[in-house]
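We count ligands from 1, going down the list as the structure has it; atoms in each ligand are counted the same way.
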Amino acid sequence: MVTISAIKADIGGYPGHHSVHPDLIKVAEKILSAAKKSKVLKDFIVLACGDDLQLIMTHEHGVDNKEVHSLAWKAFTEGTKIAKKLKLYGAGQDLLSDAFSGNVRGMGPGIAEMEIEERKSEPIVVFMADKTESGAWNFPLYKIFADPFNIAGLVVSPNVTKGFKFEVYDLHEKKSVILETPTEMYSLLALIGASERYVVKRVYTKNNVVGAVTSTESLSLIAGKYVGKDDPVMIVRGQHDFPALGEVIEPFAFPFLVKGWMRGSHHGPFMPTSFEHAKPSRFDGPPRVTAAGFQLADGMLVGPVDLFDDPSYNLARQKANEIANYLMQMGPFEPHRLGISEMEYTTIPAILEKLKTRFKKMK
Ligand code: 13P
Ligand code: 13P
Ligand code: MG
Ligand code: MG
């Protein structure tokens, strides 16, 4: 068995919330490289998406492993020291607690981990996002595993015609439910269409083999206030019993709307870009998504291939820019700005507090 752990955090932006400073990548590489030498990790790669530092690691210790999580925590805390020295913006932003006790869950970083039996050939894609919330993976996961107009395999491949199982988290009630497709497709959509509350955590084959896992950590629900967006990560397995690689990345050819963008308070188009262009500048956006493709070989990460560095995604990027132009003209008006219930986690309560004494009874 091999475990793939993708653990990410924003530990400081450069400049503002734009990107990750190269020194933070260097220090994380140094720490993970020592762990590879001492055989804690099989392999790793450090990447960045916007201002979020991404640790992609393989090992044989299973999910939620203390040694691996401590390593991630060390990379983030050592990086934060440098971020503070460079006075990067929001240094240590996503490290919401300093009482680390062996697991980074609930501490601020986003975590997606899967333990798998490596197949004869094991293609995987690690998706990374900036300026959006964890529910941003709901729409593409539905398309990848359940929409026959996207996953042609549902129609033409006997390996996948049975459909899949979706494990959905209710982030507000802290409950989870498993729904099967195609039989329970409409109930699934009823939930995951509300992506701020219901998020897909994992997708399994009908034989319970995991095919996808997402980070579902919600910074605002952990902190009880706005501290930045979740900027989630997701791992998807491809081919054979799973969607083909091209089916895994096809949903992103449509720049659907996600929540996040400026101050985490606006709807914006999800723009697929190369690693190099995953640097949200305009109005701190638009929200970005990158895709790192790998072949696993005895736990080694063969890759990454920068999957959205492809002219076939040019139209999606152009469309995203058109949508951004259109939405920007609405300024602070909904639905460009998020709905008022979602703004409760941002600065709206402080504004209401300031106006409190000036509100009079309506006549
Ligand atoms: P190849 O014939 O190139 O292996 O492709 C098969 C496939 O599944 C493409 O989606
Ligand atoms: P991040 O969540 O990427 O730090 O962005 C926060 C923000 O306020 C952008 O305007
Ligand atoms: Mg930031
Ligand atoms: Mg970010």
Side-chain angles (χ1 to χ4, degrees), residues 6-25 28 46-55 75-76 79-80 82-84 86-96 104 107-112 126-137 195-196 214-234 258-273 275 277-290 324 327-328 331-332 336-338 342-351:
I7 306 185
K8 52 76 49 186
D10 175 348
I11 52 166
Y14 154 71
H17 292 285
H18 188 261
S19 32
V20 173
H21 190 282
D23 288 359
L24 304 191
I25 295 179
V46 180
L47 294 171
C49 182
D51 62 357
D52 289 79
L53 183 66
Q54 312 279 342
L55 314 177
F76 295 144
T80 297
I82 294 171
K84 284 188 173 154
L86 298 173
K87 296 180 74 176
L88 299 183
Y89 198 72
Q93 176 178 284
D94 289 1
L95 310 185
L96 302 179
V104 291
M107 309 282 291
I111 307 126
V126 179
F127 290 94
M128 293 154 274
D130 190 35
K131 304 295 179 272
T132 189
E133 60 174 12
S134 46
W137 304 131
S195 58
E196 183 247 335
T214 70
S215 67
T216 50
E217 284 68 31
S218 164
L219 282 173
S220 60
L221 290 179
I222 295 170
K225 60 172 192 225
Y226 178 68
V227 277
K229 265 317 196 217
D230 315 329
D231 302 340
V233 63
M234 159 165 89
V258 294
K259 299 167 203 281
W261 205 353
M262 174 55 76
R263 298 175 186 276
S265 307
H266 296 82
H267 289 107
F270 211 14
M271 183 190 263
T273 65
F275 300 159
H277 290 148
K279 290 167 185 159
S281 49
R282 184 182 181 193
F283 201 54
D284 287 2
R288 301 297 151 113
V289 54
T290 57
L327 287 170
M328 281 300 302
H336 181 214
R337 195 181 69 177
L338 299 188
E342 292 160 299
M343 295 296 291
E344 276 165 16
Y345 291 105
T346 68
T347 42
I348 291 288
I351 290 163

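Each of the atoms 1 (P), 2 (O), 3 (O) of ligand 2 lies under 4.0 Å from some heavy atom of Asp231. Residue-ligand proximity, Asp130 to ligand 2, at heavy-atom distances under 4.0 Å covers atoms 3 (O). Less than 4.0 angstrom separates some heavy atom of Gly228 from each of these atoms of ligand 2: 2 (O). Less than 4.0 angstrom separates some heavy atom of Gln93 from each of these atoms of ligand 2: 1 (P), 2 (O), 4 (O). Heavy-atom proximity to Met262, at under 4.0 Å, picks out these atoms of ligand 2: 10 (O). With ligand atoms numbered from 1 in the order given, ligand 2 contributes 2 (O) to contacts under 4.0 Å with heavy atoms of Lys229. Distances below 4.0 Å separate heavy atoms of Arg263 from the following atoms of ligand 2: 7 (C), 8 (O), 9 (C), 10 (O). Ligand 2 places these atoms under 4.0 Å from at least one heavy atom of Lys131: 1 (P), 3 (O), 5 (O), 9 (C).
Looking only at side-chain heavy atoms (C-beta outward), His18 and Tyr89 stay at 4.5 Å or farther from each other. Taking the side chain as every heavy atom from C-beta outward, Phe76 and Asp94 never approach each other to under 4.5 Å.
The closest heavy-atom contact to atom 9 (C) of ligand 2, among the options Val227, Asp10, Asp284, comes from Asp284.
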*Would you sort out whether Met343 and Ser265 count as a side chain to side chain contact (heavy atoms under 4.5 Å, CB included), showing the intermediate values?*
CA-CA 7 Å; Met343 295 296 291; Ser265 307; 3.8 Å; yes

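Minimum-distance N/O/S atom of Asp52 relative to the Mg ion (ligand 4): OD1. Sorting the N, O or S atoms of Asp231 by how far they are from the Mg ion (ligand 4) puts OD2 first. The closest approach of Asp130 to the Mg ion (ligand 4), by N/O/S atoms, is made by OD1. Restricting His17 to its N/O/S atoms, the shortest distance to the Mg ion (ligand 3) is reached by ND1.
Rounded to the nearest 0.5 Å, atoms CD (Gln93) and CG (Asp10) are 4.0 Å apart.
Salt bridge Asp51/Lys131: present, at least one basic N to carboxylate O contact under 4.0 Å. Salt-bridge annotation for Lys259 and Glu196: absent, with no side-chain N of the basic residue lying under 4.0 Å from a carboxylate O of the acidic one.
Expressed to the nearest 10°, the angle at the Mg ion (ligand 3) joining OD2 in Asp10 with OD2 in Asp51 is 90°.
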